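These notes are about the structure you will find just below.
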Amino acid sequence: MKDLLKEILKLLDKNNIDSLIIKHPANVSYLSGFNAREAVILVSHKQSFFITDFRYLGEAKIYLKNKNLKIECVTKNNSLGLVTDLIKKLRLKRIGFEAQKINFVEYKYLLKNSCGFFKIIPTFNLVEILRVKKSECEISKIKTSVLKLVNIFKDIKNILRPQITEIELAAEIEKMIRNISTRPPAFEPIIASGLQSSLPHAISTKNKINKTSPILVDIGLDLSGYKSDLTRVFFLSKISRKISKIYDIVKFAQEKAIENIKPGVSCNYIDRIARNIIENKGFGKFFGHSLGHGIGLEVHENPSINPINTQPLEEGMVITIEPAIYLPGEFGIRLEDMVLVTKTNYEVLSGSLSK
């Protein structure tokens, strides 16, 4: 396992900063090696700290896996106050902070307390750069999360019935998730039937599921901090020609995009393959979001599989591929699978789940 703090310290040197304040929960968990809550990490060449308060101190002492982080306990309910005290004690001068994660009040606090002692410098995605490529341990955790989610999808067939409402189905699925994981669903389940399925992130309603309508189910599992995210469309009876046509287009677009995944291929090239298929069939304007996204400690993380991202795929990336067609006022079809970029091509982690 690579020494993550050493990797961060290299990035500090590259960005000409002495230290980095890390507050984003996923980044804190990544560097600490456990699902950390309410904590801040301060990284520097002189000393690095894991800062939390009394409520989570016991957890940190038990689960903290990165032994290069010294645990500090906040005593005045002000973690950034302790951070600035440590910065001054170590006489650090150029302090980086996560510009996209620290809010305005926190920024103003750092600015106020920096006067005459240190300079605060915005940084972007320093930890996220490391998180893009998953380690063998992370891949193992993600695979387990996907496998458990696949089993939930298979069990959905046993509870899906006419006249059940979207919200009732969502509640039953959440119960299934809770029986597997100690954590809540990775995100609020999207259960959308009929015309609701034409809304990409529809909120489940009290509408009863119609026998002749598609039922879109987009759910995620959080297992050991690592997320899974899959979408399938269910049918309770024979479907219309139009629904069948749209479904086949989306399925074909996904298959062709996945077939072209391999290291070195750009994200926008993969997006273009699926988008071209949908556009050539006359439905381009009904597919308005990215083809997919990275997934790991967060449901949405780098890289984004979209029309403008030229970033090349690399071995160890885990991404979703989720083409869709949404016909306003009628229905929507989206199929989503999780894919690991391997040394030579790809592995569909959710491959055992039929479409």
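All values reported here derive from a predicted model rather than from experimental measurement. Numbers here simply count residues along the sequence, with the first being 1.
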Minimum heavy-atom distance between [X] and [Y], given as atom pair plus value:
X	Y	result
Lys227	Leu297	NZ-O, 2.6 Å
Asn306	Ile308	OD1-N, 2.9 Å
Leu169	Ile159	CD1-CD1, 3.8 Å
Glu279	Gly284	CG-CA, 3.6 Å
Phe54	Cys73	N-SG, 3.7 Å
Leu42	Ser19	CD1-OG, 3.0 Å

Polar side-chain atom of [X] near backbone of [Y] as donor-acceptor pair, under 3.5 Å:
X	Y	result
Thr320	His293	yes
Arg334	Pro200	yes
Glu315	Pro263	no
Ser193	Ile215	no
Ser140	Glu136	no
Ser237	Lys211	yes
Glu166	Thr205	yes
Gln196	Ile203	yes
Lys101	Ala99	no
Ser114	Leu111	yes

How about [X] and [Y]: do any of their side-chain heavy atoms sit closer than 4.5 Å?
X	Y	result
Pro214	Ile243	yes
Ile87	Asp18	no
Leu20	Asn15	no
Ile219	Ile156	yes
Glu98	Ile21	no
Ile164	Glu172	yes
Asp229	Asp218	yes
Pro162	Leu236	yes

From [atom1] ([X]) to [atom2] ([Y]), nearest 0.5 Å:
X	Y	atom1	atom2	result
Ile139	Thr144	CD1	OG1	12.0 Å
Arg272	Ile277	CZ	CD1	11.0 Å
Lys70	Ile51	NZ	CD1	11.0 Å
Ile209	Thr165	CD1	OG1	7.5 Å
Leu230	Ser350	CG	OG	5.0 Å
Ser145	Leu147	OG	CG	9.5 Å

Requested in this report: Could you tell me whether Tyr326 and His289 have their ring centroids closer than 6.0 angstrom?
Outcome: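 Judged by ring-centre distance (under 6.0 Å), Tyr326 and His289 do meet the cut-off.
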Report summary line: Across all chains, not counting sequence neighbours, the side chain to side chain donor-acceptor pair (under 3.5 Å) partners of Asn78 are Tyr109
Requested in this report: Evaluate the criterion side-chain contact (heavy atoms from CB on, under 4.5 Å) for residue pair Lys245 and Lys242; output intermediate values, then yes/no.
Outcome: CA-CA 5 Å; Lys245 175 185 175 182; Lys242 186 171 186 178; 5.6 Å; no
Report whether [X] and [Y] are members of the same hydrophobic cluster (ILVMFWY, side-chain heavy atoms less than 4.5 Å apart, transitive linking).
X	Y	answer
Leu82	Leu57	no
Leu110	Phe49	yes
Ile273	Val265	yes
Tyr226	Leu31	yes
Ile325	Phe331	yes

Query - Full working for side-chain contact (heavy atoms from CB on, under 4.5 Å) between His45 and Asp13 - result: CA-CA 10 Å; His45 282 288; Asp13 293 340; 2.9 Å; yes
Please set out all donor-acceptor pairs under 3.5 angstrom arising from side-chain atoms of residues 116-132, sequence neighbours excluded.
{"from": "Thr123", "atom 1": "OG1", "to": "Phe97", "atom 2": "O", "distance (Å)": "2.9"}
{"from": "Glu128", "atom 1": "OE2", "to": "Asn27", "atom 2": "ND2", "distance (Å)": "3.0"}
{"from": "Arg131", "atom 1": "NH1", "to": "Asn27", "atom 2": "OD1", "distance (Å)": "2.6"}
{"from": "Arg131", "atom 1": "NH1", "to": "Glu298", "atom 2": "OE1", "distance (Å)": "3.4"}
{"from": "Arg131", "atom 1": "NH2", "to": "Glu298", "atom 2": "OE1", "distance (Å)": "2.9"}
{"from": "Arg131", "atom 1": "NH2", "to": "Glu301", "atom 2": "OE1", "distance (Å)": "2.6"}

Charged N to carboxylate O under 4.0 angstrom, [X] versus [Y]?
X	Y	answer
Asp248	Lys355	no
Glu255	Lys251	yes
Glu259	Lys256	yes
Glu138	Lys141	no

Query - Side chains of Thr310 and Asn268, donor plus acceptor under 3.5 Å - result: no
Query raised in the report: Taking atom types as modelled and ignoring hydrogens, do the side chains of Asp337 and Gln254 form a donor-acceptor contact shorter than 3.5 angstrom?
Result: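 Yes, because at least one side-chain N or O of Asp337 sits under 3.5 Å from a partner of the opposite role on Gln254.
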Query raised in the report: Taking only residues two or more places apart in sequence, or in another chain, which ones meet Lys238 in a salt bridge (Lys or Arg N to Asp or Glu O under 4.0 Å)?
Result: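 Not a single residue meets the salt bridge (Lys or Arg N to Asp or Glu O under 4.0 Å) criterion with Lys238.
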Requested in this report: Name the orientation class of the two ring planes belonging to Phe153 and Phe234 (parallel below 30°, tilted from 30 to 60°, perpendicular beyond 60°).
Outcome: parallel
Query raised in the report: Knowing that exactly one of Asn35, Leu221, Leu223 qualifies, which makes a side-chain contact (heavy atoms from CB on, under 4.5 Å) with Arg183?
Result: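 With Arg183 as partner, Asn35, Leu221, Leu223 yield a single side-chain contact (heavy atoms from CB on, under 4.5 Å), made by Asn35.
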Report task. Please assess His300 against Phe187 for the test side-chain contact (heavy atoms from CB on, under 4.5 Å), listing each intermediate value before the final yes or no. Result -> CA-CA 11 Å; His300 289 86; Phe187 52 90; over 6 Å; no
Query raised in the report: Could you go step by step and tell me if Ile261 and Ile321 meet the side-chain contact (heavy atoms from CB on, under 4.5 Å) rule?
Result: CA-CA 10 Å; Ile261 290 175; Ile321 299 295; 3.9 Å; yes
Query raised in the report: Does OH belonging to Tyr107 count more than 12 external heavy atoms closer than 6.0 Å?
Result: no
Query raised in the report: Is the CD atom of Glu174 crowded by more than 12 outside heavy atoms at less than 6.0 Å?
Result: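 Yes.
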